[in-house]
Amino acid sequence: MGVRVKALLKDFDQNAANVKIVLHKQYQHPLAASSKTVKQEAVKLKALLNQKLTYQVENKTYTLTTNDIITKATYLNHQYQFDTTALDKLVKKVNKNQSTLDKSFTFTTHSGKQIKTATGGSYGWRLSETKAAATLTKALISHQTSVNAKNDVYGVGYNTGGIGYGTTSNHGIGNTYAEVSISDQHVWFYKDGKCVFDASVVTGKHSSGDDTPKGVWYIMYKQRNTTLRGISDNGSAYASPVSYWAPFTDSGCGFHDASWRTNWSSTAYLNDGSNGCVNMHTSDAGTAYDSLTQYEPVIVY
């Protein structure tokens with residue numbers, strides 16, 4: 001037997017203007033097991049039992065039962081409440097074996113050399129426990145037999161939807177990407193596995209710690225005829241008009257033309273590099289811009 005809190009509060013409101021307030025005890029009697037309400041709740045909970053459905057995560061299918069998803073369930077006031085601790089095991093498995101966010105992998109460069117990518121980039125996806133639980137419990141309630149995980153992933157950066165979900169070839173980046181080599185001061189643009197353009201570049205200034213961040217990123221968006229603004233190493237503000245702009249890191253680094261640059265040597269980046277961006281010759285920037293697409297992977301090493 002519990003106190004009817006709402007009834008007590010109503011009693012208080014009705015007597016709030018009185019000098020002396022007397023509240024009358026009001027109890028809520030527990031429902032009997034034979035009551036209509038309890039029987040309806042039992043029917044709702046039993047409807048969840050012994051179900052089986054498939055959960056498609058990219059190219060892998062997981063067959064799940066009710067017990068694989070729900071640890072505990074209640075039904076009260078026409079609503080389900082779920083404890084989905086049982087699902088944690090699957091989410092951890094998927095994130096260990098399939099997810100690509102913040103993971104290093106072996107990348108084959110333009111020359112055929114294999115390198116390990118740096119972690120910490122923004123490209124990739126990871127399965128969300130919260131989203132997966134919502135999708136799968138909803139599927140059980142509606143008696144679905146198959147659901148896809150595409151709406152249950154997340155990512156970081158400009159787009160948090162999990163860039164690259166559904167791409168399973170080449171360690172999750174596919175065969176269309178941009179490759180930036182800091183040591184070579186060069187960039188290669190690939191379409192469907194074929195290099196369609198390459199160019200010499202100048203990356204971030206190494207001596208000041210403004211190196212272009214290594215890792216796997218993605219083209220956030222593309223913009224024509226804009227002005228890049230920021231603070232130089234000496235503390236002065238700069239405003240640099242560019243014709244082509246394609247940012248790819250969370251810190252604002254990207255590809256752009258640099259008409260003001262005079263030092264294009266292969267060692268310029270050591271002491272005379274950019275503030276972190278990939279500077280391109282004006283004669284190359286347009287072709288590079290046209291070859292890029294939004295959300296395309298950018299591998300910097």
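Worth knowing before you read on, the calculation uses all heavy atoms, side chains too, and leaves out hydrogens, waters and symmetry mates. Owing to the predicted nature of the structure, the values given are computational and were not obtained by experimental measurement. The residues of the chain are indexed from 1 along the displayed sequence.
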Take atom CZ in Arg229; do more than 12 heavy atoms of anything else shown fall under 6.0 Å from it?
no

Flag the pair Tyr221 / Tyr295 as yes when their ring centroid distance falls below 6.0 Å, and as no otherwise.
no

Do the side chains of Lys191 and Thr293 get nearer than 4.5 Å, heavy atoms only?
yes

Drop me the distance from Met220's CE to Ile163's CD1, to the nearest 0.5 angstrom.
10.0 Å

Could you tell me whether the side chains of Thr130 and Ser128 share a donor-acceptor contact shorter than 3.5 Å?
no

Applying side chain to side chain contact (heavy atoms under 4.5 Å, CB included), run through His143 and Gln51 and close with a yes or a no.
CA-CA 8 Å; His143 300 288; Gln51 290 196 52; 3.4 Å; yes

Does Trp217 use its side chain to pair, donor to acceptor, with the backbone of Pro213 at less than 3.5 Å?
yes

Quick check: do Ile173 and Thr167 have side-chain heavy atoms less than 4.5 Å from each other?
no

Distance flag, aromatic centroids of Tyr80 and Tyr75, threshold under 6.0 Å:
yes

Are the side chains of Ile115 and Lys113 in contact, using a 4.5 Å heavy-atom criterion?
yes

Ignoring hydrogens and geometry, is there a side-chain-to-backbone donor-acceptor pair from Gln185 to Ile182 under 3.5 Å?
yes

Is it the case that Lys222 places NZ or CZ above or below the six-membered ring of Tyr289, under 6.0 angstrom from the centre and within 45 degrees of the axis?
yes

Would a distance-only check, ignoring hydrogens and angles, find a side-chain to backbone donor-acceptor pair under 3.5 Å from Asn95 to Leu127?
yes

Sidechain-backbone polar pair: Ser207 side chain, Leu270 backbone, donor-acceptor under 3.5 Å
yes

Evaluate the criterion side chain to side chain contact (heavy atoms under 4.5 Å, CB included) for residue pair Ile141 and Leu48; output intermediate values, then yes/no.
CA-CA 7 Å; Ile141 293 171; Leu48 300 174; 4.2 Å; yes

Does Lys103 have any side chain to side chain contact (heavy atoms under 4.5 Å, CB included) partners at least two apart in sequence or in another chain, and if so, which?
Ser99

Arg126 side chain reached by Asp102 side chain, heavy atoms, under 4.5 Å
yes

Are any non-hydrogen side-chain atoms of Leu101 and Val156 less than 4.5 angstrom apart?
yes

Would you check, one step at a time, whether the test ring-ring contact (aromatic ring centres under 6.0 Å, His included) holds for Phe248 with Tyr218?
CA-CA 5 Å; Phe248 55 79; Tyr218 62 86; 9.8 Å; no

Could you tell me if Asn263 and Asp272 have a donor-acceptor pair between their side chains, going purely by distance under 3.5 Å?
yes

Would you please classify the geometry between the Phe107 ring and the Tyr177 ring as parallel, tilted or perpendicular, with 30° and 60° separating the classes?
perpendicular

Side chains of Thr109 and Tyr301: closer than 4.5 Å at any heavy-atom pair?
yes

Distance-only polar pair, side chains of Thr65 and Asn67, donor-acceptor under 3.5 Å
no

